[in-house]
Structures are given as structure tokens and as C-alpha cells.
Q: 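After the C-alpha cells below, expect a handful of questions from me.
Atoms within each ligand, like the ligands themselves, are counted from 1 in listed order.
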Amino acid sequence: MRVHVCAVGRLRKSPELDLIDDYSTRFDRTGRALGLGPLSFHEVEDKKGGGMSAEAPLLERAIPKGALICTMDERGKVMSSPDFAKLLGRWRDEGRQDVAFVIGGADGIDPALRAKADASLSFGKMVWPHMLVRVMLSEQLYRAASILAGSPYHRV
Ligand SMILES: C[S@@+](CC[C@H](N)C(=O)[O-])C[C@H]1O[C@@H](n2cnc3c(N)ncnc32)[C@H](O)[C@@H]1O
């Protein structure tokens, strides 16, 4: 199952980008034997600053056809890491080819796009900057793959 992160904003060379690269390499390496990956990032930007309504069609174009859509949203479902791992495993076992996690920009994700989502995941009620959500999601994907692989990265 290919995993896509479709996000508003372009990340330049930064500590966040280094972390994302590291976690996505680890996710790909761990996920390969599990039928998970590769993890790819699709960045979109509305140069005119048109906000969420202008970003929505760009995000929709970045989402692969037929992908399961999971929006990242503080109003979404809060999950434990093991439950998130189970969910990824379930989507894979259902034969999903692509899953796309969507991260909005400063205004969030357009309601029309949110309505099309199959799932919505929250990292808590606080609002996080979109680049940190990208880092956190990459880490949680790697953590989920580690849990499914039975490796000791995740400890409680
Ligand atoms: C700065 S936030 C925008 C918040 C905006 N007020 C809204 O209504 O969504 C940018 C993006 O980061 C993601 N995000 C921020 N906080 C989050 C959280 N707690 N859980 C999941 N995603 C979050 C969402 O995709 C959001 O669209």
C-alpha cells in the first residue's frame, strides 16, 4: 500500500525536512516486508494566497485516483499509536493500493474536501503548524510500521 502525504506549503532545507527524510527512509525500510510504502510527499502551493478554497483543487489533484483519503485535522479522531498501526494494517489488508494523508495550510482544509475524506486523524485538540504535523505524521507512520513489524522502537 503506497502512502502519500499531500500537503500545503513547500518545505525548504530545514531541521523539519531532515527529520521527515529520516522517518520516511525508516518507514520505507521497515514497511517493505509488510507491504507498506513507499511514502511520498506531494507539496502544493497557491502562489496567489487564495486560502483553503484555492488550495483544495490543488490538493485534490495531488491525491492519487482511488486513494483512501485521511485528512489531518484537530477535529478528527484521536488514536493511540498501536490503534493507528492497526488501522494502517486494516487498510492494507483490505487491498487498498493508495492512502493519502492530507495536511492543510494556515486556514485548514476546505470543508468540501473534508467532506470527501474517508477518515480524519487528530494529533490532539491543539492546532499545530503544518510543517510540524508533517514531521509528526512521518514519525507516527514509521512507529506504526515498527509496531506491525514487532520491532522494539515503540515502548509504553
Ligand atoms: C495551522 S493548521 C490550520 C488550522 C486551521 N485553523 C483549521 O481550521 O484547520 C495547518 C494544518 O495542520 C494540520 N493540523 C494542525 N493541527 C492538527 C492536529 N491537532 N491534528 C491533526 N492535524 C493538525 C491540519 O491538516 C491543518 O489543516
Q: Would you mind writing out the side-chain donor-acceptor pairs for residues 148-156 within the sub-3.5 Å range, not counting sequence neighbours?
A:
| from | atom 1 | to | atom 2 | distance (Å) |
| --- | --- | --- | --- | --- |
| Tyr153 | OH | Glu139 | OE2 | 2.6 |
| His154 | ND1 | Arg143 | NH1 | 3.1 |
| Arg155 | NE | Pro152 | O | 3.4 |

Q: Just by distance, do the side chain of Asp73 and the backbone of Ser120 share a donor-acceptor pair under 3.5 Å?
A: no

Q: I'd like to know if the side chain of Ser14 and the backbone of Arg12 have a donor-acceptor N/O pair within less than 3.5 Å.
A: yes

Q: Please list all pairs passing the salt bridge (charged side-chain N to carboxylate O under 4.0 Å, His left out) test where one or both residues lie in residues 120-134, with sequence neighbours left out.
A: Glu43-Arg134

Q: For Asp21, does its backbone N or O pair with a side-chain atom of Ser24 as donor and acceptor, under 3.5 Å?
A: yes

Q: Which protein N or O atoms sit under 3.5 Å from any N or O of ligand 1? Give each pair with its distance.
A:
| from | atom 1 | to | atom 2 | distance (Å) |
| --- | --- | --- | --- | --- |
| ligand 1 | 8 (O) | Arg75 | NH2 | 3.3 |
| ligand 1 | 9 (O) | Arg75 | NH2 | 3.3 |
| ligand 1 | 16 (N) | Trp128 | N | 2.9 |
| ligand 1 | 19 (N) | Gly124 | O | 2.8 |
| ligand 1 | 19 (N) | Met126 | O | 2.6 |
| ligand 1 | 20 (N) | Phe123 | N | 2.8 |
| ligand 1 | 22 (N) | Asp73 | N | 3.2 |
| ligand 1 | 25 (O) | Met72 | O | 2.5 |
| ligand 1 | 25 (O) | Gly104 | N | 3.0 |
| ligand 1 | 27 (O) | Gly104 | N | 3.3 |

Q: Cut-off 3.5 Å, no hydrogens considered: what does the side-chain donor-acceptor table look like for residues 57-68, sequence neighbours left out?
A:
| from | atom 1 | to | atom 2 | distance (Å) |
| --- | --- | --- | --- | --- |
| Glu60 | OE1 | Lys116 | NZ | 3.0 |
| Glu60 | OE2 | Lys116 | NZ | 3.1 |

